[in-house]
Amino acid sequence: MTSHGHDHDGDHSHLTETEARVRALESLLSAKGYIDSAAVDRIIQTYETKIGPRNGAHVVAKSWVEPEFEAWLRRDSSAAIHSLGYHSRQGEHIEAVFNSDEVHHLVVCTLCSCYPWSVLGLPPTWYKSPPFRSRAVIDPRGVLAEFGVTLDPATRVEVHDSTAEIRYLVIPQRPAGTEGYSMEQLADLVTRNAMIGTGLTRAPQVAS
């Protein structure tokens, strides 16, 4: 029972335990003058609104509609991606790998969580988890099945191990039935997981 006469089942915080700990640490560091909270907020906003999967989706959609850009992406992925303004400390060297009927690409970082932030934003929690990092190499089809991706048995799966020197961006196949779609409409079909290889593009009717 609280001093104002009713029980509390919890602290009514909308934050998870991890989020609450991060918030408390940020408050402590800010109070001691080690960090500027406004600067931290600007960094977070940048990653939420300006750096993230939308950048990668733009790269994919542009490669679908502009053959010259696709050729450049195949020849020199980093230069082609950087030409769109997508570069950062985690995106100096990116290699685009193209899915086809014959091969499906899957990206993992077996040592830690190397990830192309400039085109995909911050990595998802599962990407950094030891089970994904180990099983993606040992049993890629089993991992894909857990993500809901079932491939034709004839399709070869190639696993790419990201490192601090090179990171990968999967270019999924353009969905059938998207003739006449604008680049923006096509980008809406491209998911983050499709660009890691753990997912496929959305069906056109879902995004329209």
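In this text the structure is predicted, and so the values were computed from the model without any measurement.
Residues Val170 and Asn99 have side chains in contact (heavy-atom distance under 4.5 Å, counting atoms from C-beta outward). Side-chain contact check for Val60 versus Thr201: every heavy-atom pair is 4.5 Å or farther apart. Between Leu84 and Lys62 there is a side-chain heavy-atom pair separated by less than 4.5 Å. Between Trp72 and Ser63, the closest side-chain pair of non-hydrogen atoms is not below 4.5 Å. The shortest side-chain heavy-atom distance between Cys114 and Tyr168 does not fall under the 4.5 Å cut-off.
Taking the six-membered ring where the residue is Trp, Phe132 and Trp126 present perpendicular rings, their angle passing 60° and hence far from 30°. Aromatic ring pairs are classed by plane angle as parallel below 30°, tilted from 30° to 60° and perpendicular above 60°; the pair His160 and His105 is tilted.
The two residues Pro140 and Val157 have their closest heavy-atom pair at CB-CG1, 3.8 Å. Listed here is the closest heavy atom pair of Ala187 and His58: CB-N, 4.5 Å. The minimum heavy-atom distance linking Ala57 with Met195 is given by the pair N-SD, 3.5 Å. Contact between Leu144 and Gly197 at its shortest, heavy atoms only, is CD2-O, 3.1 Å. The two residues Ala96 and Ile171 make their nearest non-hydrogen contact at CB-CG1, 4.0 Å. What you find for Ser118 and Ile94 is that their closest heavy atoms are OG-CD1, 3.7 Å.
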- Task: May I have the step-by-step check of side chain to side chain contact (heavy atoms under 4.5 Å, CB included) for Glu158 and Val97, ending in yes or no?
- Result: CA-CA 10 Å; Glu158 289 191 2; Val97 288; over 6 Å; no

Apply side chain to side chain contact (heavy atoms under 4.5 Å, CB included) to Thr191 and Arg202, showing your working. CA-CA 7 Å; Thr191 66; Arg202 297 188 181 95; 3.8 Å; yes

Could you walk me through whether Tyr127 and Leu120 pass side chain to side chain contact (heavy atoms under 4.5 Å, CB included), step by step? CA-CA 12 Å; Tyr127 184 82; Leu120 293 185; over 6 Å; no

- Evaluate the side chain to side chain contact (heavy atoms under 4.5 Å, CB included) criterion for residues Phe69 and Val59: first the C-alpha distance (whole Å), next the side-chain angles of each, then the deciding distance (0.1 Å), finally the verdict. CA-CA 9 Å; Phe69 183 78; Val59 172; 4.1 Å; yes

inquiry  = Using the rule given for salt bridge (charged side-chain N to carboxylate O under 4.0 Å, His left out), can you reason through Asp188 versus Arg54, listing the C-alpha separation, both sets of side-chain angles and the distance that settles it, and then say yes or no?
reply    = CA-CA 8 Å; Asp188 285 340; Arg54 296 300 302 168; 3.3 Å; yes

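Taking the charged nitrogens against the carboxylate oxygens, Arg156 and Asp101 have no contact shorter than 4.0 Å, which rules out a salt bridge.
With values rounded to the nearest 0.5 angstrom, Ile166 atom CD1 is found 7.5 Å from Ser78 atom OG. Note that the NE2 atom of His93 and the OG atom of Ser162 stand 11.0 Å from one another [nearest 0.5 Å]. Interatomic distance, Asp161 CG to Leu106 CG, rounded to the nearest 0.5 Å: 10.5 Å. Separation of atoms CD (Glu102) and OG1 (Thr155) is listed at 7.5 Å; rounding is to 0.5 Å.
Side-chain heavy atoms closer than 4.5 Å link hydrophobic residues (I, L, V, M, F, W, Y) into clusters, and following such links, even through other members, never connects Val137 to Val103. Hydrophobic clustering of Ile, Leu, Val, Met, Phe, Trp and Tyr side chains at less than 4.5 Å, counting indirect connections, keeps Leu111 apart from Val143.
Arg133 places no side-chain N or O within donor-acceptor distance of the main-chain N or O of Val108, the cut-off being under 3.5 Å.
Just one of Thr150, Val149, Val190 meets the side-chain contact (heavy atoms from CB on, under 4.5 Å) condition when paired with Leu200; it is Val149.
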